[in-house]
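These values consider heavy atoms only, across backbone and side chains, with no hydrogens, waters or symmetry-generated copies. If you're wondering where the values come from, they're calculated on a predicted model, not measured in any experiment.
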Amino acid sequence: MKIILNEDVKHLGEMGDVKNVANGYARNYLFPHGFAVPYTDESVAYFESKKAEIEARKAQKRANSKSLKEKLEAQDVTLIMPAGSNGKLYGAVTSQTLVDYYAKLGYELERKRIELPGLTIKSCGNYTFKVRLYEAAIAEVKLSVQPQEEKKIEPAEPKKGEKSSKKDNADKAAKAPAEAN
């Protein structure tokens with residue numbers, strides 16, 4: 001069935017796009033939710049009259065994508081992850097890790113738009129990953145994965161009046177009967 005989209009539909013297209021979809025998809029999902037209208041002479045004329053508005057929205061999306069690309073490429077990403085002495089990470093750097101990193105900085109990226117080399121990164125080092133933006137815009141960002149410094153745990157000294165250890169307690173117990181005599 002031939003339709004015209006009323007608004008942007010993820011994985012299908014943008015407002016004003018003409019698409020061929022399955023009849024059931026159009027009748028049961030797109031039409032009832034107002035996402036699309038049937039391809040008729042009236043709907044074609046309506047979207048022709050709104051063509052300038054639609055093109056302005058697309059131009060705005062292109063401009064936003066271009067500025068986002070410049071911002072992403074200007075900023076190198078450094079992640080500090082727990083790793084072993086050989087440089088292998090205890091976890092992995094995934095696209096979700098990067099989405100969370102950018103969310104803290106105020107950027108809203110989709111996980112599916114981030115392309116990591118080899119799907120995940122499992123060792124420390126320097127990498128480059130891609131972020132697919134609007135249309136053909138792709139940002140290439142440098143990533144540095146650093147090992148987390150391990151804290152050395154020192155044995156805690158007992159405070160005055162506290163029992164220090166089982167061995168000290170055993171020594172005190174042995175001395176107590178000897179002192180009683």
Measuring from [X]:[atom1] to [Y]:[atom2], what's the distance to the nearest 0.5 Å?
X      : Y      : atom1 : atom2 : value
Tyr25  : Asn20  : OH    : CG    : 13.5 Å
Ile3   : Thr40  : CD1   : OG1   : 12.5 Å
Met81  : Tyr90  : CE    : OH    : 12.5 Å
Lys142 : Thr78  : NZ    : OG1   : 11.5 Å
Ser95  : Lys112 : OG    : NZ    : 10.5 Å
Leu109 : Arg132 : CG    : CZ    : 11.5 Å

Do [X] and [Y] share a hydrophobic cluster (ILVMFWY, side-chain heavy atoms under 4.5 Å, transitive)?
X     : Y      : result
Leu79 : Tyr107 : yes
Ile80 : Leu89  : no
Leu12 : Phe47  : no
Ile54 : Val9   : no
Tyr39 : Leu5   : no

[X] atom [atom1]: more than 12 heavy-atom contacts under 6.0 Å:
X     : atom1 : answer
Tyr46 : OH    : no
Gln96 : CD    : yes
Phe35 : CZ    : yes
Lys61 : NZ    : yes

> Only one of Thr97, Thr128, Leu98 forms a side-chain contact (heavy atoms from CB on, under 4.5 Å) with Leu116, so which one is it?
Replying inline: Leu98
Give me the atom names and distance for the closest heavy-atom approach of [X] to [Y].
X      : Y      : answer
Pro32  : Ala26  : CD-O, 3.9 Å
Val99  : Glu110 : CG2-C, 4.1 Å
Gln75  : Val141 : O-CG1, 3.7 Å
Ser43  : Val37  : CB-CG2, 3.8 Å
Asn126 : Ser144 : OD1-OG, 3.2 Å
Lys122 : Ala92  : CG-CB, 4.2 Å

Flag side-chain contact, heavy atom, 4.5 Å: [X] against [Y]:
X      : Y     : value
Tyr134 : Asn64 : no
Glu48  : Lys51 : yes
Asn6   : Phe31 : no

> Below 4.0 angstrom, N of the basic side chain to O of the carboxylate: do Arg57 and Glu14 qualify?
Replying inline: no
